[in-house]
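Shown next, in structure tokens, is the structure this report addresses.
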Amino acid sequence: MDKEYLSRKSTDPAVQEMIKKAGSEKIETVWDRYEQQSPQCGFGDLGLCCRHCLQGPCRIDPFGGEPQRGICGATADTMVARGIDRAIAAGTAAHSGHAKHLAHTMKKMARGEAGDYSIKDSEKLRSVAARLGIELEGKDDRALALEVAEAALADFHEKDTPVLWAATTVTEGRVKVLSDLGAVPRGIDHEISEIMHRTLYGVDADPVNLLLSGLRCGVADLAGCYMGTDLSDILFGTPMPVVSEANLGVLEPEAVNLVLHGHNPVLSNVIVGVAREMEEEARQAGASGIKLSGICCTGNEVLMRHGIPSCTHSVSQEMALVTGAVDAMVVDYQCIMPSMAGVAECMGTKLITTMELARIPGAEHLPFSEETAVENAREAVRMAIEGFKQRQGRPVDIPEHKSKVVAGFSTEAIVGALAKVNADDPLKPLVDNIAEGNIRGVCLLAGCNNVKVPQDSGFTTIARRMLQENVLVITTGCGAGALARHGFMDPANVPQLCGDGLKAVLSAVGEANDLGGPLPPVLHMGSCVDNSRAVAVAVAVADKLGVDTDKLPVVASAAEAVSEKAVSIGTYAVAAGLPTHVGVMLPVLGSPQVTEVLTSKINDLTGGYFMVELDPEAAADKLVAAINQRRGGLGLKL
């Protein structure tokens, strides 16, 4: 494999090493399977196929030939609108399922049924309760936690009042915009269920009506994400800046390497504490200790709260196993490739599933419950120690690549850092620097890695351009992982990555906080659900300026999107009024009407819109242009 071939797969040198090793050892990877699937179905790429009833599958000719309708008479516009709606519903189900899990955990904790959990951030609990309109006076934390958990669970079913985690987390102006469109959700599960009903054979065939329903479901996704963030902070602590590392070089050959993968902190957070208690048990087995690391958003959760390094992310998850150094990988749910079981078997790694809704053939299953969390965590760590014993004598190949990472920039952490600059009005330094042009705008880089894109290239290309243009870059999910592994979260790289205005701001805030240097070039805000933190910052700035979020010089980008969760996040970003870039083909281009609505007409309704641009350099141009247009609208200098 030559360098050019490897660079088409991934821009991460550590991953390139492992791709080469996998090839030499005949281990099938995601890149191999992508090549086997090529060329992919052009009908599917454009959203012009449907198998939602047993008369299909149907497909429509995108070039105007026959057929022009599905068997039931559905047009291309109807077919595409139904498909994108179902993707939004699936993403919403995933994020809100995560949040519902946390709500049930909090409820059990508050009732004394899950003694391994406690309230780690009482202040956040009381802040959330107050926002929801819950009376605080005379109630202890457990009583409040029970009421917050019950309010969260009530947001899932249809009710007469709007979903609280949507209606109370955006500006008043945005509530009116969404209300006028009929896009305020009545219940998170209700909206998901209604999408499935609407898109059933013989129900809603009006593309615009379908898309408005999808928009409402996207707002329900915002509620699920925001709820997931709030409840995680209450139960596990609100992240504050931590120093760590990222990339495969964090693995240690002499340690028990236990990798945490998935999206939910309910088990992984407990494993972090238990692993620290079991260090001596690992040493008795001949190890230097226990080395935890993370993948995907579970990795982001434990990085943000505990400084646990991330070993890799998203599309390269198999590469962690290819090193041969991982003794056990504990997974919860979401974004876990079923192929991991086969690679684990090849490399002698224990792959351990823990959630009933996320079993993988070939993996060992360790049933998890909140009532027995510590016991389950101890068993998982012991399985890793046993895996270490079995690994002895086998070669390992750990790439030396790793980068310094400063993470943990929750909304509260950002406001706290700004408060050191202006204690009386923490947001004033941010607003003033935006007005003066030192910060041209803000760009949220979110989403996954996609095998169709050289891994990380979309994120690094756009981030590099944004930073040079003095755009403040905030990031979540595996986009955050990409930028972490490529040095964008190392404060030492501010001089070469950032424009003069942004450099001055990051340095001034760092100095005010006695950091001995600037803030990192890119601010890591957390996992996928933590896109809600970006919304919280945008809403706070909008309220400070007395405008709605659709007027702010704020943009979003999912440069390498893969999951349906990215579709639902993008939908609520557009609902919030943000220009939102997607760096891979959305399955909508087969419908001129749906494409026009999503990329143009919706701008008249919400102030946000999608831009599909596969070239990251061109995408960066469009994002900067959108920021400049917003600055012009506010009367700010360009």
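A salt bridge is defined here as a Lys NZ or Arg NE, NH1 or NH2 lying under 4.0 Å from an Asp or Glu carboxylate O, and E172 with K176 fails to meet this definition. In summary, D604 and K601 do not engage in a salt bridge, as defined by a charged side-chain N under 4.0 Å from a carboxylate O. Taking 4.0 Å as the cut-off between side-chain N and carboxylate O, R126 and D121 do not count as a salt-bridged pair. A salt bridge links D425 to K544: one of the charged nitrogens lies within less than 4.0 Å of a carboxylate oxygen. By the 4.0 Å N-to-carboxylate-O rule, R131 lies close enough to D230 to be salt-bridged with it.
Heavy atoms from other residues, nucleotides or ligands lying under 6.0 Å from CD of E511 number 12 at most. Counting heavy-atom neighbours within 6.0 Å of E436 CD, excluding the residue itself, gives a total above 12. Annotation for Q496: atom CD counts as buried by contact number, over 12 foreign heavy atoms lying within 6.0 Å.
To the nearest 0.5 Å, atom NZ of residue K503 and atom CG of residue L506 are 10.5 Å apart. Remark: T606 OG1 to Y572 OH distance equals 15.0 Å, nearest 0.5 Å. For the atom pair K622 NZ and S557 OG, the distance stands at 12.0 Å (nearest 0.5 Å). Interatomic distance, L497 CG to L467 CG, rounded to the nearest 0.5 Å: 6.0 Å. To the nearest 0.5 Å, atoms SG (C448) and CD1 (I569) are separated by 7.5 Å. In this structure, CG in D550 is found 6.0 Å from CZ in R630, a value given to the nearest 0.5 Å.
Of all the heavy atoms in A619 and H581, the pair that sits closest is CB-NE2, 3.3 Å. Of all heavy-atom pairs spanning E564 and A90, the tightest one is OE1-CB, 3.3 Å. When all heavy atoms are compared, the tightest approach of C335 to K565 is SG-NZ, 3.5 Å. When every heavy atom of S410 is checked against every heavy atom of M304, the shortest pair comes out as N-CE, 4.3 Å. The two residues L303 and V242 make their nearest non-hydrogen contact at O-CG2, 3.3 Å. The two residues K402 and N247 come nearest to each other via the heavy atoms CA-CB, 3.7 Å.
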Steps toward side chain to side chain contact (heavy atoms under 4.5 Å, CB included) verdict (N513, V509): CA-CA 6 Å; N513 283 268; V509 177; 3.6 Å; yes

Take F488 and T475 through the side chain to side chain contact (heavy atoms under 4.5 Å, CB included) test and state the conclusion after the steps. CA-CA 11 Å; F488 283 78; T475 184; over 6 Å; no

May I have the step-by-step check of side chain to side chain contact (heavy atoms under 4.5 Å, CB included) for N628 and R440, ending in yes or no? CA-CA 8 Å; N628 287 339; R440 184 187 295 264; 2.8 Å; yes

Go through I474 and V537 one step at a time and tell me if the side chain to side chain contact (heavy atoms under 4.5 Å, CB included) criterion holds. CA-CA 10 Å; I474 56 180; V537 172; 5.6 Å; no

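At least one side-chain heavy atom of H98 sits under 4.5 Å from a side-chain heavy atom of P265. Between R485 and Q455 the shortest side-chain heavy-atom distance falls below 4.5 Å. Proximity of I602 to L215: side-chain heavy atoms (C-beta onward) are separated by under 4.5 Å at one or more points. For the pair V148/L231, a side-chain contact is recorded, criterion being any heavy-atom separation below 4.5 Å from C-beta on. Residues I188 and W165 fail the side-chain proximity criterion, which asks for heavy atoms closer than 4.5 Å. Contact annotation: the side chain of P491 approaches that of V406 to within less than 4.5 Å [non-hydrogen atoms, C-beta and beyond]. Contact annotation: the side chain of V170 never approaches that of T549 to less than 4.5 Å [non-hydrogen atoms, C-beta and beyond]. Looking at heavy atoms from C-beta onward, V415 lies in side-chain contact with P426 at the 4.5 angstrom threshold.
For R216 (side chain) and R186 (main-chain N/O), no donor-acceptor pair under 3.5 Å exists by modelled atom type. Between the side chain of R533 and the main chain of M525, a donor-acceptor pair closer than 3.5 Å is present. Side-chain atoms of E613 never come within 3.5 Å of backbone atoms of A618 as a donor-acceptor pair (strictly under, hydrogens ignored). Not one N or O on the side chain of Q593 forms a donor-acceptor pair closer than 3.5 Å with the backbone of P207. Between the side chain of T169 and the main chain of A166, a donor-acceptor pair closer than 3.5 Å is present.
Side-chain N/O atoms of H524 and N300 include a donor and acceptor closer than 3.5 Å. A donor-acceptor contact under 3.5 angstrom links the side chains of D221 and H95, judged on distance only. Side-chain contact, D490 with S403: no donor N or O sits under 3.5 Å from an acceptor N or O. One side chain, T229 or D530, offers a donor N or O that lies under 3.5 Å from an acceptor on the other. For the residue pair T92 and E191, no side-chain donor N or O sits within less than 3.5 Å of a side-chain acceptor on the partner.
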